[in-house]
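Notes for the one structure printed next.
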Amino acid sequence: MTLSVNGQRHAVTVEPRVTLLDALRERLHMTGTKKGCDRGECGACTVLLGGARIKSCLTLAVMTQGAEVTTVEGLARGDDLHPVQEAFIRHDAFQCGACTPGQIMSAVACIDEGHTGSEAEIREWMSGNLCRCAAYQNIVAAVADAAEEIGR
């Protein structure tokens with residue numbers, strides 16, 4: 001099959017039962033997307049599929065053929081970080097880093113979807129991503145800051 005990831009097409013051979021998460025990490029060696037719970041509960045594996053956020057541990061790789069997958073590795077443009085990545089750094093919105101890629105990808109979608117009208121709205125739309133370190137206040141501040149910078 002062919003996976004289109006971060007604007008590049010990749011020919012991969014996978015069994016029908018292989019998740020997108022495992023295809024990204026094990027076949028394409030894109031390890032930015034994290035394997036947390038492997039049950040869709042933590043959000044560490046969040047990527048964008050056709051611009052919509054999904055949990056890649058619950059999505060079969062074969063289901064994504066023909067769609068564009070964006071991972072955390074695909075956000076920066078050369079040395080220029082995405083505004084969400086910059087905001088996470090500014091607001092120290094990560095600690096151990098296990099959830100950070102999924103939080104960032106969910107934040108990008110949250111902003112693109114227009115769910116940044118208030119702190120409560122950000123919290124609600126980011127609620128599918130868990131942080132073991134409880135950096136939620138900083139994550140919410142980073143999402144709000146990035147949304148303002150992007151103009152949404």
Side-chain angles (χ1 to χ4, degrees), residues 1 3-6 10 12-76 81-147 150 152:
M1 68 170 289
L3 283 175
S4 181
V5 182
N6 301 329
H10 303 272
V12 294
T13 302
V14 295
E15 294 178 28
R17 64 187 171 98
V18 172
T19 65
L20 177 59
L21 173 62
D22 288 339
L24 291 170
R25 291 183 60 81
E26 297 171 12
R27 303 309 197 289
L28 300 180
H29 308 289
M30 294 183 180
T31 57
T33 305
K34 301 301 180 202
K35 183 179 275 198
C37 66
D38 213 19
R39 295 187 310 257
E41 295 174 2
C42 72
C45 68
T46 302
V47 297
L48 304 180
L49 181 64
R53 56 183 141 176
I54 64 161
K55 294 184 179 169
S56 61
C57 74
L58 297 179
T59 304
L60 296 175
V62 296
M63 295 170 58
T64 66
Q65 186 157 294
E68 177 63 27
V69 176
T70 305
T71 69
V72 71
E73 293 98 336
L75 292 180
L81 294 178
H82 187 280
V84 171
Q85 292 169 310
E86 290 177 343
F88 267 63
I89 292 168
R90 270 194 311 274
H91 291 275
D92 194 25
F94 49 87
Q95 294 197 14
C96 78
C99 73
T100 304
Q103 294 280 3
I104 288 172
M105 297 309 295
S106 194
V108 168
C110 184
I111 293 167
D112 288 347
E113 294 162 0
H115 299 299
T116 57
S118 68
E119 189 174 299
E121 184 178 23
I122 293 169
R123 285 182 184 279
E124 175 68 24
W125 287 91
M126 292 289 294
S127 65
N129 293 78
L130 303 179
C131 175
R132 294 185 285 205
C133 303
Y136 295 113
Q137 191 62 35
N138 297 11
I139 292 167
V140 170
V143 174
D145 185 21
I150 293 170
R152 296 216 170 127

For residues Cys42 and Gly36, report the shortest heavy-atom separation together with the two atoms involved.
SG-CA, 3.7 Å
With Lys35, which residues qualify under salt bridge (Lys or Arg N to Asp or Glu O under 4.0 Å), at least two apart?
Asp22, Asp38
Using only heavy-atom distances, determine whether the side chains of Arg53 and Thr46 contain a donor-acceptor pair under 3.5 Å.
no
Please name the pair of heavy atoms, one in Asn129 and one in Gly102, separated by the smallest distance, quoted to 0.1 Å.
ND2-O, 3.2 Å
Is there a side-chain contact between Val143 and Val84 in this structure, where contact means two heavy atoms from C-beta onward sitting under 4.5 Å apart?
no
Does Lys55 come within less than 4.0 Å of Glu41, counting only side-chain N to carboxylate O?
no
Does the side-chain contact (heavy atoms from CB on, under 4.5 Å) test come out yes or no for Leu60 and Val18, once each step is laid out?
CA-CA 6 Å; Leu60 296 175; Val18 172; over 6 Å; no
Thr70 side chain to Asn6 side chain, donor-acceptor N/O pair below 3.5 angstrom
no
What heavy-atom pair brings Ala146 and Pro83 nearest, and what distance separates the two atoms?
CB-O, 3.9 Å
Would you check, one step at a time, whether the test side-chain contact (heavy atoms from CB on, under 4.5 Å) holds for Thr19 with Thr59?
CA-CA 6 Å; Thr19 65; Thr59 304; over 6 Å; no
Keeping the roles fixed (side chain from Ser56, backbone from Cys45), state whether a donor-acceptor pair exists under 3.5 Å.
yes
Should Leu20 and Leu58 be marked as a side-chain contact (heavy atoms from CB on, under 4.5 Å) after you check the CA-CA gap, both sets of side-chain angles, and the distance that decides it?
CA-CA 8 Å; Leu20 177 59; Leu58 297 179; over 6 Å; no
Are the side chains of Arg25 and His29 in contact, using a 4.5 Å heavy-atom criterion?
no
Pairing residues for Glu68 by the salt bridge (Lys or Arg N to Asp or Glu O under 4.0 Å) criterion, not counting sequence neighbours
none
Among Ile139, Asn138, Asp145, exactly one meets side-chain contact (heavy atoms from CB on, under 4.5 Å) together with Phe88. Which residue is that?
Ile139
Derivation and outcome, side-chain contact (heavy atoms from CB on, under 4.5 Å), residues Ile150 and His82:
CA-CA 10 Å; Ile150 293 170; His82 187 280; 4.1 Å; yes
Met1 versus Val14: any side-chain heavy-atom pair under 4.5 Å?
yes
Any heavy-atom pair between the side chains of Ser106 and Gln103 that's under 4.5 Å?
no
Only counting residues at least two apart or in another chain, list the ones meeting salt bridge (Lys or Arg N to Asp or Glu O under 4.0 Å) with Asp92.
none
What pairs with Ala76 under side chain to side chain contact (heavy atoms under 4.5 Å, CB included), at least two apart in sequence or on another chain?
Leu81, Gln85
Suppose we screen for side chain to side chain contact (heavy atoms under 4.5 Å, CB included). Which residues come up paired with Ala147, at least two apart in sequence or across chains?
Ile111, Thr116
On a heavy-atom basis, which atom in Ala98 and which in Ala44 lie closest, and how many Å separate them?
O-CB, 3.8 Å
Flag the pair Thr33 / Leu21 as yes when at least one side-chain heavy-atom distance between them is below 4.5 Å, and no otherwise.
yes
Looking only at heavy atoms, the pair that brings Pro101 and Val72 closest together is CB-CG1, 3.9 Å
Flag side-chain contact, heavy atom, 4.5 Å: Val108 against Leu48
yes
Going by the ring-ring contact (aromatic ring centres under 6.0 Å, His included) test, which pairs reach into residues 91-144, not counting sequence neighbours?
His115-Trp125
Is there a side-chain contact between Glu119 and Glu124, using heavy atoms and a 4.5 Å cut-off?
no
With a 6.0 Å cut-off (strictly less than), is the heavy-atom count around CZ of Arg132, excluding the residue itself, greater than 12?
no
